Protein chains: 2
Amino acid sequence: MAADCLMSLMGKLPSPRLLTEEALGMIARRFALLAEPMRLRLLHALFEGEKPVNALVTLSGGTQANVSRHLQALAEAGILSRRKEGLQVFYAIADPSIFKLCDLVCGSLEQKLVRDAEAFGHRSSGQA
Amino acid sequence: MAADCLMSLMGKLPSPRLLTEEALGMIARRFALLAEPMRLRLLHALFEGEKPVNALVTLSGGTQANVSRHLQALAEAGILSRRKEGLQVFYAIADPSIFKLCDLVCGSLEQKLVRDAEAFGHRSSGQA
DNA sequence: GACATATATGCGCAAACGTGCATATAGTTG
DNA sequence: CAACTATATGCACGTTTGCGCATATATGTC
């Protein structure tokens, strides 16, 4: 199960000895890519399907340069796919695990919010 | 599904208007907590079960101060639980979604590594 | 009380990161 | 070829963040 996810990952890598740190770094980088609001915004926009950069710029409200950088980072990590068609470049979600990751995190956050709200109500008779 | 995970999250929050950014920030922070090798190391150590801080210091190889900070951050986010027993403080994984999150990320990384390895074998030279 | 152990915190520093600006590259159209 | 659009990149800046050091707090022991 999850307890040995790092182990299973190590088995797939070329030199199994030094890779504990390397595997951790890879996992950390993966999570780090999802740890930016702007990138999450872009991913959320791509949940609907493939989109060109200019559309993502409009939807996200970010600068073209920034959006381009973020998309490139996500694509290099294999999270997004990149397709060039004429002048435009279309990005799409290439890693379906992203959906489940977001679902898990959002579900967990919902539970935490509900718990905190209940704890709030129990301690003080009113709400803030 | 995942496409409207932000929406469902928004429904649970007190003021539904401004919360799109706030929800994104919460999700981003959640992922950011998992984006550090040291914190991943601590979580991995806690996969076996509840452990005191000093044990986690030994297992992770980090400084006591750092380990304490990381544990505190994870506990404040609700990912870890904190139990005080005498001089020692025991931390444990309180959010079971962490297991699935790690599984998903590790599985995705495995696939990517295999793909890259195959692409490496097909071409005589690869790109970085 | 003094002392020891376990954990948490204040402070400063160095590295990493996101962002904006200007500009470069690629491709289309006249 | 020139002009235009879409995307990518070099550079500098401000913020954030993880870390180490020393120290503070808490609890148990003598």
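Computation of the quantities below employed the complete heavy-atom set of this structure, encompassing side-chain atoms and omitting hydrogens, waters and symmetry-equivalent molecules. Just so we're on the same page: letters track the sequence lines, and every chain starts at 1. This is a predicted model, so every value here is computed, not measured.
C:dG18 atom P lies 14 Å from atom CZ of A:Arg41, rounded to whole Å. Taking atom CD of B:Glu85 as the reference point, atom C1' of D:dG28 lies 13 Å away to the nearest angstrom. Whole-Å rounding puts the A:Leu33 CG to C:dC17 C1' distance at 12 Å. In this entry the distance linking CZ of A:Phe31 with P of C:dC17 reads 17 Å, nearest Å. Rounded to whole Å, the distance from NE2 on A:His70 to P on C:dG20 is 9 Å. In this structure, CE of B:Met38 is placed 18 Å from P of D:dT17, rounded to the nearest angstrom.
Nearest approach of A:Gln64 to A:Val57, heavy atoms of both residues: CA-CG2, 3.8 Å. A pairwise comparison of heavy atoms in B:Leu101 and A:Phe31 identifies O-CZ, 4.1 Å as the closest pair. Shortest non-hydrogen contact noted between A:Ala94 and A:Ser81 is CB-N, 3.7 Å.
For residues 23-44 of chain A, the set of pairs meeting the salt bridge (charged side-chain N to carboxylate O under 4.0 Å, His left out) definition, not counting sequence neighbours, comprises A:Arg30-A:Asp95. For residues 50-76 of chain A, every residue pair satisfying the salt bridge (charged side-chain N to carboxylate O under 4.0 Å, His left out) rule, not counting sequence neighbours, is listed here: A:Glu48-A:Lys51, A:Glu50-A:Arg83.
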Below 3.5 Å is the cut-off: list the nitrogen or oxygen pairs between protein and nucleotides 6-9 of chain D, distance only.
| residue | atom | partner | partner atom | Å |
| --- | --- | --- | --- | --- |
| D:dT7 | OP1 | A:Val53 | N | 3.2 |
| D:dT7 | OP1 | A:Val89 | N | 3.2 |
| D:dT7 | OP2 | A:Asn54 | N | 2.9 |
| D:dA8 | OP1 | A:Arg82 | NH1 | 2.2 |
| D:dA8 | OP1 | A:Tyr91 | OH | 2.8 |
| D:dA8 | OP2 | A:Ser68 | OG | 2.7 |
| D:dA8 | O5' | A:Ser68 | OG | 3.4 |
| D:dA8 | N7 | A:Gln64 | OE1 | 3.4 |
| D:dA8 | N7 | A:Gln64 | NE2 | 3.0 |
| D:dA8 | N6 | A:Gln64 | OE1 | 3.2 |
| D:dT9 | OP2 | A:Gln72 | OE1 | 2.9 |
| D:dT9 | OP2 | A:Gln72 | NE2 | 2.9 |

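Between the CD1 atom in A:Ile93 and the CD1 atom in A:Ile79 there is a gap of 9.5 Å [rounded to 0.5 Å].
Where A:Thr63 and A:Lys84 meet DNA chain C, the nucleotide closest to each residue was compared, and A:Thr63 sits on the side nearer the 5' end.
Among the protein residues, A:Arg29 comes within range of no part of the nucleic acid, since none of its heavy atoms lies under 4.0 Å from any strand.
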